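Below, read A as the first sequence line, B as the second, and so on, with proteins coming before strands; counting in each chain starts at 1. These numbers were taken from a predicted model, which means no experiment stands behind them.
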Number of protein chains: 2
Amino acid sequence: MSLNKELDLDQPIEDVRHEAVLNIVRTATVLSMKGVALFRRFGLTEAQFNVLFALKYKTRDWTQSDLGRRLVVTRASVTSVLDKLEDKGLVKRVTVHGNRRIYHVILTRKGLDLVNQVEPLYREGIHRVLACFDDAQCRRLIAQLERIRERTSRED
Amino acid sequence: MSLNKELDLDQPIEDVRHEAVLNIVRTATVLSMKGVALFRRFGLTEAQFNVLFALKYKTRDWTQSDLGRRLVVTRASVTSVLDKLEDKGLVKRVTVHGNRRIYHVILTRKGLDLVNQVEPLYREGIHRVLACFDDAQCRRLIAQLERIRERTSRED
DNA sequence: GGGATACTGTTAGAAGTCAAACGGTTTCGG
DNA sequence: CCGAAACCGTTTGACTTCTAACAGTATCCC
């Protein structure tokens, strides 16, 4: 449904670029809320799932800073989310010999089991939502979004 | 830049639909942060700007619930943002004769002046970011995103 | 009329986000 | 070798968001 209908706007958005931006943001929100509803069934928040999911697929040790770079959040945010996950016993901070500043973050057995339980439903949801797009269409969409990010980041 | 490079992933995302979803969310975040940086120069948060902007273009009186529907946030969120804006004198809650439950929300002179000051920079930013897209491309992108939202919302 | 129902705005509490500041550690350069 | 600079994780404080519950009003229907 168009944003004009969806938001029941008195007067339609006249600027097509503005409408495009609002559509991107709105779509991201809708997708995100879909995820939130799923994760919630497993007692997780979106941020918490993102951490577990990222940790599952890492191929080398990650510090909290690494995790922050990967998830594009600040170190402060990582600290707060890890505290919650550690309380639940899903994740562990491991001290590192030879560098007392950092921790390595690892999934516990319980954390791995949980992410393995959620992940198939997560992937399934994504495929349902994008079922009407073939691979080429997806790649075209991705390329467009990359171009937008490129222009947004450049000219800081 | 591709997400694989941008996030410096050890192993690339293999699922193109997953990559598409991550791209949408990431692009929305980048656009949003661009806005945050702009609004900040005027002492506003994104949520606060969104309220001012919506109020500027309303054509009839809006209650707080109306505003929530328009911005797709809960009534509780509206209350909290309006409290801040009212403290700054940018917005006013007006009691309504004949219905003691509701307020009508209006811009003050100061609020209108401020939004008029920010809006051109906001629009300019959007146009810079999407300058490489012609109108037809924008409309195609919008149509794609609408289809995704459609599928996401259906099958609640 | 009067009770049940629905709606409105607020509050409380949980969670995430960021920026900024701080204290410990490394690292680097002179 | 030692001070300066960089880095790392944490804390604090501000802000947004949500859900859930609440109290006050309106509305609807019998």
- Rounded to whole angstrom units, what separation is found between the CG atom of Leu82(A) and the P atom of dG16(C)? 10 Å
- Task: Verify whether one side chain among Arg75(A) and Ser65(A) offers a donor that lies under 3.5 Å from an acceptor in the other.
- Result: no
- Query: Are side-chain N/O atoms of Arg93(B) and Gln64(B) paired as donor and acceptor at under 3.5 Å?
  - Reply: yes
- Message: If I take atom CZ in residue Phe39(A) and atom P in nucleotide dA15(C), what distance separates them, rounded to the nearest angstrom?
- Response: 17 Å
- Would you kindly compare Arg40(A) and Ala76(A) by the position of their nearest DNA chain D nucleotide and give the one closer to the 5′ end? Ala76(A)
- Item | Interatomic distance, Lys84(A) NZ vs dG16(C) P [rounded to whole Å] | 4 Å
- Message: Over all strands shown, is Arg75(B) touching base, sugar-phosphate only, or nothing at heavy-atom distances under 4.0 angstrom?
- Response: base
- Message: Please classify the nucleic acid contact of Val72(A) as base, sugar-phosphate, or nothing, using heavy-atom distances under 4.0 Å.
- Response: sugar-phosphate
- Item | Nucleotide dG9(C), atom P - distance to CZ of Arg101(B) in whole Å | 8 Å
- Task: May I ask you to test the Leu141(B)-Ile148(A) pair for a side-chain heavy-atom distance under 4.5 Å?
- Result: yes
- Should Lys34(B) and Glu124(B) count as an ion pair when the cut-off is N to O under 4.0 Å? no
- Task: Looking at every strand, decide which applies to Gln48(A) at a 4.0 Å heavy-atom threshold: base, sugar-phosphate, or nothing.
- Result: sugar-phosphate
- Message: Using a heavy-atom cut-off of 4.0 Å across all strands, would you classify Val73(B) as base, sugar-phosphate, or nothing?
- Response: sugar-phosphate
- Looking only at side-chain N and O atoms, does Ser77(A) come under 4.0 Å of OP1 or OP2 in dC18(C)? yes
- Task: Using only heavy-atom distances, determine whether the side chains of Thr74(A) and Ser77(A) contain a donor-acceptor pair under 3.5 Å.
- Result: yes
- Query: For dA19(C), does OP1 or OP2 lie under 4.0 Å from any side-chain N or O of Thr74(A)?
  - Reply: no
- Query: How close or far is atom P of dT17(C) from atom CG of Leu71(A), stated in whole angstroms?
  - Reply: 8 Å
- Would you indicate what Thr63(A) reaches in the nucleic acid, counting non-hydrogen atoms under 4.0 angstrom: base, sugar-phosphate, or nothing? sugar-phosphate
- Relative to each other, are the rings of His18(A) and Tyr122(B) parallel, tilted or perpendicular (30° and 60° limits)? perpendicular
- Message: Which is more 5' along DNA chain C, the nucleotide nearest Thr79(B) or the one nearest Val81(A)? Just name the residue.
- Response: Thr79(B)
- Message: Here's one to test your reading of the geometry: is the NZ or CZ of Arg147(A) within 45 degrees of the ring axis of Phe133(B) and under 6.0 Å from its centre?
- Response: yes
- Starting from C1' on dG24(C), measure out to OH on Tyr103(A) and report it in whole angstrom. 11 Å
- Query: Can a donor-acceptor pair be found between the side chains of Thr63(B) and Asp66(B) at a distance below 3.5 Å?
  - Reply: yes
- When you list every nucleotide of DNA chain D with an atom under 4.0 Å from a heavy atom of chain B, which one comes first 5' to 3', and which comes last? dC15(D) to dA26(D)
- Query: What does Thr45(B) touch in the nucleic acid at a heavy-atom separation under 4.0 angstrom: a base, only the sugar-phosphate, or nothing?
  - Reply: sugar-phosphate
- Note on the structure: Rounded to whole Å, the NE2-C1' distance (His104(B) to dT8(C)) equals 12 Å
- Separation of atom CD in Glu46(B) from atom P in dA19(C), rounded to whole Å: 13 Å
